[in-house]
Amino acid sequence: MTPAARRVLEAAARLFYERGIHAVGVDLIAAEAGVTKKTLYDRFGSKEQIVVEYLADRDERWRAFLAPYLDAAPGPAARVLAVFDASRAWAVPYSPKGCSMVNAHAEISDPTHPAYAIITAQKRWMLGLFTDLAADIAPDAAGHLGRTLMLLHEGALVAHGLNTFADPIRHAREQARALLAGAEDPGARPAGE
């Protein structure tokens, strides 16, 4: 990526996250990046492609941020909790207004929009991650446990973005810890699970 393209992407990312995708036009992105609209279109082709690149870059940066947390976790349950720890560490500097994918989906719900595939793929990846981690804890209930962990995580991200109550990601982590304790001890599970 050229320096000008990088400046466009950085400006677009900041503006899209702060103001919303639909509220930000290419004129503003070009002005904030210090490039002409021609340069912007030469590098990206369309605003839609800038949105795709913005979301793909966010996803890539999140996965890179998460990896050391997972690698450092000493066991299966700790790896699940590490996802919540990483999210909590990521949220303040990078996502004060909540998950960029959730926010983008609020504006892009058309499956034919090229960014839609990025949004849904990121959430499918998170579900797959939780399900894979759950398989190391409760192989026979990995799908159920993975979905439950995903719901705790996503709900915490939304509550964080809405500032619903203090430290929702920590609260979700504690709920996940309790859930995992029950999953590791099948005798502790409520009847019917």
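Keep in mind the model is a prediction, meaning the values are calculated, not measured.
Put simply, the side chain of E107 gets close to the backbone of I21: a donor and an acceptor are under 3.5 Å apart. No donor-acceptor distance shorter than 3.5 angstrom exists from the side chain of E32 to the backbone of A11, with no hydrogens or angles considered. Between the side chain of K123 and the main chain of V102, no donor-acceptor pair closer than 3.5 Å is present. Between the side chain of Y17 and the main chain of K97, a donor-acceptor pair closer than 3.5 Å is present.
Side-chain contact between L55 and Q122: absent, with no pair of heavy atoms (C-beta onward) separated by less than 4.5 Å. The side-chain heavy atoms of S100 and F16, taken from C-beta on, include no pair separated by under 4.5 Å. Residues F130 and W125 are not in side-chain contact: their nearest non-hydrogen atoms beyond the backbone lie 4.5 Å or more apart.
In this structure, the separation between CG on L152 and CG on L179 is 6.5 Å, given to the nearest 0.5 Å. Of the inter-residue distances, the one linking L40 atom CG with I29 atom CD1 reads 6.0 Å to the nearest 0.5 angstrom. Of the inter-residue distances, the one linking H113 atom NE2 with I118 atom CD1 reads 11.0 Å to the nearest 0.5 angstrom. The OG1 atom of T131 sits 7.0 Å away from atom CZ of R147, with the distance rounded to the nearest 0.5 Å. Atom-to-atom distance recorded for I137:CD1 and L180:CG is 4.5 Å, nearest 0.5 angstrom. Note: R43 CZ to Q49 CD = 14.5 Å, rounded to the nearest 0.5 Å.
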Next item on the list: I would like to know whether R7 and T2 meet side-chain hydrogen bond (donor to acceptor under 3.5 Å, both in side chains); could you show each step before the answer?
Entry: CA-CA 9 Å; R7 287 196 315 274; T2 66; over 6 Å; no

Next item on the list: Verify side chain to side chain contact (heavy atoms under 4.5 Å, CB included) between W90 and L66, making sure each step is shown before the conclusion.
Entry: CA-CA 9 Å; W90 170 274; L66 174 61; over 6 Å; no

Note to self: Test side chain to side chain contact (heavy atoms under 4.5 Å, CB included) on Y94 and R61; report intermediate values, then the result.
What the structure shows: CA-CA 10 Å; Y94 303 115; R61 288 189 302 119; 4.2 Å; yes

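What you find for T39 and A4 is that their closest heavy atoms are CG2-CB, 4.0 Å. Across all their heavy atoms, A176 and L149 have their closest contact at CB-CD2, 3.8 Å. Taking all atoms of both residues into account, the shortest heavy-atom contact from T120 to A117 is OG1-O, 3.4 Å. Taking every heavy atom of both residues into account, L145 and A183 meet most closely at CD2-CB, 3.9 Å.
Note on Y116 and M126: separate hydrophobic clusters, where clusters join Ile, Leu, Val, Met, Phe, Trp and Tyr whose side-chain heavy atoms are under 4.5 Å apart, directly or indirectly. Linking ILVMFWY residues whenever their side-chain heavy atoms come closer than 4.5 Å, directly or via other members, places V35 and Y54 in the same cluster. Put simply, V52 and W62 are part of two different groups of oily side chains (I, L, V, M, F, W, Y) that touch within less than 4.5 Å, one to the next. The cluster map of Ile, Leu, Val, Met, Phe, Trp and Tyr, joined by side-chain heavy atoms under 4.5 Å apart, puts L157 and L151 in different clusters. At a threshold of 4.5 Å between side-chain heavy atoms, the hydrophobic network of Ile, Leu, Val, Met, Phe, Trp and Tyr places Y41 and V8 in one connected group.
Environment of CZ in R63: crowded, with over 12 heavy atoms of neighbouring residues, nucleotides or ligands closer than 6.0 Å. Counting non-hydrogen atoms of neighbouring residues, nucleotides and ligands closer than 6.0 angstrom, the CZ atom of F65 exceeds 12 such neighbours. Around atom CD of E174, more than 12 heavy atoms belonging to other residues, nucleotides or ligands sit under 6.0 Å away.
Of the N and O atoms on the side chains of S95 and R58, at least one donor lies less than 3.5 Å from an acceptor on the other residue.
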Sequence neighbours left out, cut at 3.5 Å: what donor-acceptor pairs do the side chains of residues 73-89 make with other protein atoms?
{"unit_1": "R79", "atom_1": "NH1", "unit_2": "L70", "atom_2": "O", "d": "3.0"}
{"unit_1": "D85", "atom_1": "OD1", "unit_2": "R173", "atom_2": "NE", "d": "2.6"}
{"unit_1": "S87", "atom_1": "OG", "unit_2": "V83", "atom_2": "O", "d": "3.1"}
{"unit_1": "S87", "atom_1": "OG", "unit_2": "H153", "atom_2": "NE2", "d": "2.6"}
{"unit_1": "R88", "atom_1": "NE", "unit_2": "D167", "atom_2": "OD1", "d": "2.9"}
{"unit_1": "R88", "atom_1": "NE", "unit_2": "D167", "atom_2": "OD2", "d": "3.2"}
{"unit_1": "R88", "atom_1": "NH2", "unit_2": "D167", "atom_2": "OD2", "d": "2.5"}

